[in-house]
Amino acid sequence: MSTPAIVGEGITVRFRPMVDRKPTLRRSLGRMQHRETKELVALDNVDLSIKKGEAFGIVGRNGAGKSTLLKVVAKTLRPDEGTINVFGKTSTLLQLGVGFNPHLSGRRNVYLGGLAAGLRKKEIDERFDDIIEYAELWDAVDRPVRTYSSGMFSRLAFSVGMAMEPNILLLDEVLAVGDEAFREKSMKAMRDLLDRAGTIVFVSHALPNVAEFCDRAMWLADGKVRSIGPSADVVDAYKTAVHRGKNK
Amino acid sequence: MPPTSVASGRAVRAARNYLLDLWSRREFAWYLAMGNLKARNASTTLGLFWWVLNPLLLGSVYWLVFGLIFDRGTLDVTSRALAPGEELPFLAYLLSGMFPFYFTQTSMTGGVNSIVSNARLMANLSFPRLILPIAALIESAVGFLTSVGVFFVVVGLVNGIWPGPWTLWLLPTIMIHVLFNFGLSTIVARIAVPFRDLNNLVPYFTRLWLYLSPILYQASFLEGKGEFVETAFRLNPLFPILELYRYSFAGIEIDLGSTLLIAIAWAVGLAVIGATSFIKYEGKMARYL
């Protein structure tokens, strides 16, 4: 089976960061005269093809364009060039607890986070008990979220993200949620998703996790695809390159 | 079919899809607004009481300065709420302009911050971005509706001016005003994304706007200052809206037909300009956050 879940072609993203480390009047006047700022190519002609039922890892150094690529797939960033097609219901866990308001109760935040992710209120009503149970929150649910431990917070956020019942899950460095028991539970949730022919795209610096969990991986360097293939091979190649760089 | 009509057909379809998408996410806008409202007073001692206290304090401050110190006394206006020969107390005049103005002011400050303060949400999730200024608008609208209640209680008890048949005009007036504020807040929200300086400018702009509008003084104050000044003063887009409020709050006679027309024209114009320029710009917003 090789039905595509995510297909991207020639994705290019350029940023024009406003560089003003020490904004002085003279410099800012100068900037107004010639507005051209140095262009930064975050993604350079990246092709991407991820199949249904596949766990796909993205590795690379800081600033290589990993998160930018995930944002393009999540459609929060429109690429300058290229196309991206995503087939399925996507749940994005690029950061945990997006849409949460720490001053409000856990209950309220389940609704806020769920609605932000695209659920309807009725759907959240139906799934509410499951979400709380899955997050192991129980009677803390009516306390303000700012009083939660970081583990509780992450569990709730992950639980709300999974309540989408996504076909496609985009994860950025968030696998390390909660204690060992919850980590196992979340790993199981992701395996279940893969068994149901779901797709996971996963950005991480935890290389053993990528090698073990993902079928295939992509190594990004300076916005370009350095290699793409079975995750163990890509991770090995990446590791070797990093060590060689260090010894220089 | 000529290519232009194909393109415009596509644009119409895109606009329709956008609005459908927006409508399907209405619960999100509502929860976002209510969440912010709840959170704002969650850690205060007086909690929900601030709802009533805010407009009371706002009115008190200006009444202290312009009602007591400058002593405006009563105003010679024709009002359906007054007996013949009776004059309108300054308090009723002040509050019937101040509360609506404050609604516009909070809409603008809420709108100008709505994108930047939700950067995290924007970076992570895709949804029609217009949700954010709309949620901010709901927040200020809820505040305004409480102040409407405060107006009738305070002005009723203090000045003996109670709602009458003219008060029925309050509903259409508020609807026009909401559209007007929606336009303004989306315009400033869109501009503030690349041009953050607007955040700092808006408070000064709204203060100037307050002083240039007939709120702390009557429009007749400018009579004899020259035709140019008077015309310019009346071109203030808030002018017809304030007139409508003066009528629906305190029964002050106005030329209802023409005032209504001008107010609607401003509101629809601003809303269309605001929404289209905002939506066109949406795809680029993520780059500035």
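So that the names make sense, note that chain A is the first sequence line, chain B the second, and so on, each numbered from 1. Heavy-atom basis, side chains included; hydrogens, waters and symmetry copies ignored.
- Minimum interatomic distance between B/S126 and A/A74 (heavy atoms only, all atoms of both residues): CB-O, 3.7 Å.
- Residue A/Q95 holds its CD atom at 10.5 Å from CG of B/L121, rounded to the nearest 0.5 Å.
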Inset, instruction - Kindly determine whether A/Y111 and B/E27 satisfy side-chain contact (heavy atoms from CB on, under 4.5 Å), including the steps that lead there. - result: CA-CA 10 Å; A/Y111 281 92; B/E27 294 166 331; over 6 Å; no
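- The 12-atom threshold is exceeded at CH2 of B/W51, counting heavy atoms of other residues, nucleotides or ligands nearer than 6.0 Å.
- Around the NZ atom of B/K38, the shell of radius 6.0 Å holds no more than 12 heavy atoms that belong to other residues, nucleotides or ligands.
- Within a 6.0 Å sphere centred on CZ of B/R207, other residues, nucleotides and ligands contribute 12 heavy atoms or fewer.
- Within the 4.5 angstrom heavy-atom criterion, only backbone atoms of A/R14 (N, CA, C, O) approach chain B.
- The two residues B/A286 and A/L77 make their nearest non-hydrogen contact at CB-CD1, 3.6 Å.
- A distance-only check finds no donor-acceptor pair linking the side chain of A/T76 to the backbone of B/L125 [under 3.5 Å].
- Within 6.0 Å of CZ on B/R120 lie more than 12 heavy atoms contributed by other residues, nucleotides or ligands.
- How far CG of A/L112 is from CZ of B/F28: 7.5 Å, rounded to the nearest 0.5 Å.
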Inset, instruction - For side-chain contact (heavy atoms from CB on, under 4.5 Å), just list the numbers for B/Y31 and A/R108, CA-CA rounded to whole Å, side-chain angles, deciding distance to a tenth of an Å, and then say yes or no. - result: CA-CA 9 Å; B/Y31 265 75; A/R108 195 85 193 172; 4.1 Å; yes
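- B/R129 touches chain A through its side chain: at least one heavy atom from C-beta onward sits under 4.5 Å away, while N, CA, C and O do not.
- Taking A/G114, A/G99, A/G118, A/S67 one by one and counting their heavy-atom pairs under 4.5 Å with chain B, the maximum is reached by A/G118.
- Within a 6.0 Å radius of CZ in B/F49, no more than 12 heavy atoms belonging to other residues, nucleotides or ligands are found.
- With B/R25 contributing its side chain and A/R120 its backbone, the two residues share no donor-acceptor pair below 3.5 Å.
- At a 4.5 Å heavy-atom cutoff, the contact between A/L104 and chain B is made by side-chain atoms alone.
- When the shell of 6.0 Å around CZ of B/F182 is examined, it contains more than 12 heavy atoms from other residues, nucleotides or ligands.
- When all heavy atoms of B/A39 and A/H103 are compared, the closest pair comes out as CB-CB, 3.8 Å.
- In this structure, the portions of B/M34 lying under 4.5 Å from any heavy atom of chain A include both its backbone and its side chain.
- Dense packing is recorded around NZ of A/K89, with more than 12 heavy atoms of other residues, nucleotides or ligands lying under 6.0 Å away.
- Shortest non-hydrogen contact noted between B/N124 and A/L94 is OD1-CB, 2.9 Å.
- Surrounding CG of A/D139 are at most 12 heavy atoms belonging to other residues, nucleotides or ligands under 6.0 Å away.
- With a threshold of 4.5 angstrom between heavy atoms, A/K71 approaches chain B through side-chain atoms but not through N, CA, C or O.
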